[in-house]
Amino acid sequence: MWQYVFKRLLLMIPTVIGAAFVIFFLLRAMPGDVCELKLGGEGAYVDEAQITLCREQLGLDDPLAVQFADFVWGIATLDFGTSMITGRAITYEMGLRFELSLQVAIMATIVAIMISIPLGTLSAVYQNTWIDYIVRTVAIAGIAIPSFWLGILILLALLSISEAMTGTRWTPPLDYVPIWEDPVYNLSMLIWPAVATGYRYSAVATRMTRSSLLEVLREDYVRTARAKGLVEKIIINRHALKNALLPVVTVIGIEFAFLMGGLVVTEQVFNLNGLGNLLVQSVTSVDYTMTQGIVMVIVLVFVITNFFVDILYAWLDPRIRYS
Amino acid sequence: MQTKLWKLALGAVAAAAFSFSAVAETPKYGGTLNFVVGSKIPSYDGHVETTFGMIHPIAPFYSLLMRVNPANPGDPTDFQCDLCEGDVPAGAEGGTLFTFKIRQGVKFHDGTPLTAADIVASWNKIIFPPEGIASARKAFYKMVESVTAPDDFTVVFKLSFPSGSFLPAMADPYAFIYSKKDLDEHGYTWHKMNINGTGPFVFVEHQPGAFVTGVKNENYHHEGRPYLDGFKAISAPKMSARVQAIEGDRASIEFRGFPPKQRDDLVNALGDKITVQESDWNCVLMVTPNHSRPPFDDPRVRKALTLAVDRWGGSQYLSQIAIVKTVGGIVFPNHPLAATEEELVQIAGFSRDLEASRAEARRLLKEAGQEGLSFTLNNRAVDQPYRVVGTWLVDQWKQIGLTVDQQVNPSPVFYDILRKSGDFDVSIDFNCQSVINPIADVSKYLPSAGNNYANFEDAEIEEVYDRLLHAGTFEEQRVIMREYERMVLDEKATQAVTLWWYKINPYRSYVKGWKIAPSHYLAQQLDQIWLDK
């Protein structure tokens, strides 16, 4: 087991370097000049000398190999440098957003687990009954409705309901306050995006739970358990569900990693100052260093999450013997 | 329903106007103004930046030497002293010498007293920046020969020639006055990430991507101001978030402006809790043909492009869906130097007789052998008003048999094509300025201007502009301006203007003292605003 863990850890290194290579060179292929945008802004004239100086200061006139080596060294030392636009440290800029993105991802995951496991189980146990049909409809709707659209509907509903109830229109707060400073304010801001994304996320997990559980319920050992007269509840909870959760855990893990940087549109709808929003801003302003930094953090989250998912596999299914 | 909405909105505006003039409301002290900003802050240095994303949250921390009167920002000739004292000086020695008396007792937020040396150091940084130091608007001050301080409270600007564009340029909202001590001790880039001004509010916090906060400067030099205890500028890049912020009263105002649909939605939702102010906007989208690429090197083809455009009709319809409205030439429509309607209709593409214009356009294309010409239009992937106007132009050109493929590009790609690679047939461009300063603003049409991307040279246009720049009297300026305008838009048709932008600001009715300006960069120090809560 420990040998497997060590091998998986080693494999993370080429994965990260490969991702860094792709990110670095794809960004350089993008049209647009950060200095032109930064200095020219909304129509100001900037002479060529200033642009050349700006490129020198940002190290953009160094050979690509040198720039790439700097970037990889930055990843190794967890120092991504400074933003080409704001001049602030990238770790500082990301740190400000990471907390919010992490909280939304955790809350959305909790919402998704709370919905998907019970509903998926119910749907499998009561296969082809009205319960199953309702659950499947809810799940398909969740997959079909983009979370940002659901977000807009939630905001409109909040405006209408609050006006009907209190006479004034209420919208969630626009600025983030950490949960330990003001939990009510924090939750009144983040619960809505968590519900919007958690619902879509749960839809995938619900269907996965259902199909996986149906498969497990047809296994010989479940039939044996029933033949032995074991109570159905115990069969489901103790024997079937635990094994059925293997693919569900994979889905939840990947979705969690995705949520860390992939909530671009939802963040914009709810005006969340998260990593997704920062990524969009840095791409549109051709801020290479910032874009590289954020994408690398997302890559690291994916790699680490996958690592833990693999470890979790072994815990959930004793048949898996990695060593 | 629409009529009802408008009655309501106009009623709110009228009520607001009445309250100012007749009842003469006494400003109330206190409260925090929350407002939303749709763009980000690249740095805090006003001398370098060009975006409203910086000016809206940062301008309240700084003072200017002189400014557009915040109580009357719609008047393009109403300037007042900010750090200077008394009236804005009239030029001496034939308009080549301007002496500003500086207020005494003003202090920077760190406690350093302000003197003329600070004004001189700041203006020298703007006009004569050291090598390697960017200054976005130094080209506005070509006429300035020197800035000196004969004593601690006098500043003298010596010009090499008299120019009507000097005083308006001095009211540039980005011309923040910095402390000489900061410049000397910390260098010329310190203000990119640090704030120390003499403005009505003192900087408290900036959480990048989220908000900027400021509190009242108790030692502010305009007596009795500011009225607010503080402000919070909340970043909200998405327009829907900004509209909802006002709807839910998380923010009271957004200073840049909303399209007509969002105005109607807010008025519909909030009724008299919303006040709307509207104004012409010192911003215009232009059509820039690439003269270095045939057939756009042919003035007949370029003229046909402008002749095909129905500006009067477009104004009527586009103003219902986009932030454009007013038909005008190269000068901001409300300025005394702008063409009157009688003058305007004489210019190609501005005639009221659309059929005759389009017939002439077809004739010119035929004469140039370019009937049925196909080309691409480089446009920016920003809805308001770029995409709307671009789509409208494609249709206008279709009416004279042209086939246009509109390529809508994200901003970096759009700029790269327009400014750097020059790989375009025809492109949308824009001329957005802050203080209305026609003589400086129209330099955009000058072939030698660094921000003219039409790729051509023309000594005649340069000569006319040079005369305009040196013209001493208003009458003289007006005559030369007409000559310049006719040359650019008609005879040589080097570029074409579409419709001038139209600024619409719906905001919470309890926000008082704010007057709409013809630019989203102006009157943003917030010292005149108070809350009637």
Side-chain angles (χ1 to χ4, degrees), chain A residues 30-34 36-51 53-54 56-57 83 85-88 92-93 96-97 100 152 155-156 158-160 162-163 168-176 265 267-274 277-278 280-281 283-287, chain B residues 34 36 39-43 48-54 131-137 139 189 192-193 207-211 232 234-238 240-242 244-245 247-251 269-270 409-417 419-421 429-433 444 449-452:
Chain A
M30 247 171 55
D33 182 338
V34 63
E36 179 77 47
L37 274 176
K38 185 180 173 179
L39 300 172
E42 290 173 19
Y45 166 64
V46 190
D47 59 43
E48 204 50 43
Q50 281 190 4
I51 290 180
L53 183 76
C54 164
E56 265 176 44
Q57 287 168 346
S83 159
I85 297 289
T86 66
R88 285 191 202 91
Y92 168 74
E93 292 262 11
L96 285 173
R97 278 91 172 177
L100 182 146
I152 292 169
L155 285 172
L156 291 175
L158 285 173
L159 283 167
S160 304
S162 59
E163 189 174 33
T168 50
R169 297 167 84 81
W170 186 90
T171 50
L174 294 170
D175 51 329
Y176 174 72
V265 188
E267 282 183 6
Q268 290 192 338
V269 167
F270 289 98
N271 201 51
L272 304 181
N273 187 28
N277 235 335
L278 184 63
V280 171
Q281 286 174 11
V283 169
T284 53
S285 51
V286 205
D287 188 344
Chain B
N34 293 325
V36 268
S39 187
K40 58 182 181 250
I41 307 172
S43 87
V48 173
E49 299 306 335
T50 59
T51 169
F52 70 93
M54 186 285 291
E131 204 183 323
I133 298 297
S135 174
R137 285 159 290 274
T189 54
K192 284 186 176 183
M193 297 179 82
Q207 199 178 99
F211 60 81
K232 186 171 197 173
I234 303 160
S235 176
K238 202 85 184 151
S240 60
R242 298 198 294 278
Q244 274 160 6
E247 208 171 330
D249 207 12
R250 294 281 174 191
L270 296 171
N409 293 305
S411 294
V413 182
F414 167 78
Y415 284 133
D416 197 61
I417 291 170
R419 297 176 180 175
K420 218 172 168 188
S421 74
D429 191 5
F430 57 92
N431 193 14
C432 284
Q433 305 294 341
K444 169 90 176 164
N451 57 352
N452 185 328

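In the text below, chain A, chain B and the rest are named by the order of the sequence lines, each starting its count at 1.
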Chemist: What part of Gln268(A) is in contact with chain B, defined as an atom under 4.5 angstrom from a non-hydrogen atom: side chain, backbone, both or neither?
Modeler: both
Chemist: Picking from Ser411(B), Pro42(B), Ala241(B), which has the most non-hydrogen pairs under 4.5 angstrom with chain A?
Modeler: Pro42(B)
Chemist: Which region of Lys192(B), side chain (C-beta onward) or backbone (N, CA, C, O), has a non-hydrogen atom less than 4.5 Å from a non-hydrogen atom of chain A, or is it both or neither?
Modeler: neither
Chemist: Checking Ser421(B) against chain A: side chain, backbone, both or neither under 4.5 Å from a heavy atom?
Modeler: neither
Chemist: Any side-chain to backbone donor/acceptor pair from Arg250(B) onto Thr171(A)? Under 3.5 Å, distance only.
Modeler: yes
Chemist: Does any heavy atom of chain A fall under 4.5 Å from the side chain of Glu131(B), the backbone, both, or neither of them?
Modeler: neither
Chemist: Please look at Tyr92(A) and chain B and tell me whether the side chain, the backbone, both or neither of the residue comes under 4.5 angstrom of a heavy atom of that chain.
Modeler: side chain
Chemist: Salt bridge check: are Arg419(B) and Glu36(A) linked by an N-O gap of less than 4.0 Å?
Modeler: yes
Chemist: Distance from Glu247(B) atom CD to Leu158(A) atom CG, nearest 0.5 Å?
Modeler: 11.5 Å
Chemist: Need one label for Leu96(A): side chain, backbone, both or neither, based on atoms under 4.5 Å from any heavy atom in chain B.
Modeler: side chain
Chemist: Could you tell me whether the side chain of Thr86(A) reaches within less than 4.5 Å of the side chain of Ile41(B), counting heavy atoms only?
Modeler: no
Chemist: Quick check against the 3.5 Å criterion: does Asp175(A) have a side-chain atom that pairs as donor or acceptor with the backbone of Ile234(B)?
Modeler: no
Chemist: Which pair of non-hydrogen atoms, one from Asp416(B) and one from Pro31(A), has the smallest distance, and what is that distance?
Modeler: OD2-CB, 4.3 Å
Chemist: To the nearest 0.5 Å, tell me how far Asn271(A) CG sits from Arg242(B) CZ.
Modeler: 9.0 Å
Chemist: Who among Leu159(A), Val269(A), Leu272(A), Val286(A) has the most heavy-atom pairs with chain B under 4.5 Å?
Modeler: Leu159(A)
Chemist: Let me confirm one number: the OG1-CG distance from Thr168(A) to Leu270(B), rounded to the nearest 0.5 Å.
Modeler: 10.5 Å
Chemist: Among the options Asn431(B), Val413(B), Asn452(B), pick out the one with the most heavy-atom pairs lying under 4.5 Å from chain A.
Modeler: Val413(B)
Chemist: Any idea which of Arg88(A), Glu163(A), Gln281(A) has the most non-hydrogen atom pairs under 4.5 angstrom with chain B?
Modeler: Arg88(A)
Chemist: Measure distances from Ile417(B) to the heavy atoms of chain A and classify the residue's part below 4.5 Å as side chain, backbone, both or neither.
Modeler: neither
Chemist: I'd like to know whether NZ of Lys40(B) has more than 12 heavy-atom contacts from other residues, nucleotides or ligands below 6.0 angstrom.
Modeler: yes
Chemist: Counting only heavy atoms closer than 4.5 Å, note whether Pro208(B) contacts chain A via side chain, backbone, both or neither.
Modeler: both
Chemist: As an exercise: rank Ser43(B), Gly132(B), Ala251(B) by heavy-atom pairs under 4.5 Å with chain A and give me the winner.
Modeler: Gly132(B)
Chemist: Under a 4.5 Å cutoff for heavy-atom pairs, which residue among Pro173(A), Gly87(A), Cys54(A) has the most contacts with chain B?
Modeler: Pro173(A)
Chemist: State whether Lys420(B) and Asp33(A) are salt-bridged, where the test is any N-O pair (Lys NZ or Arg NE/NH1/NH2 against Asp/Glu carboxylate O) under 4.0 Å.
Modeler: yes
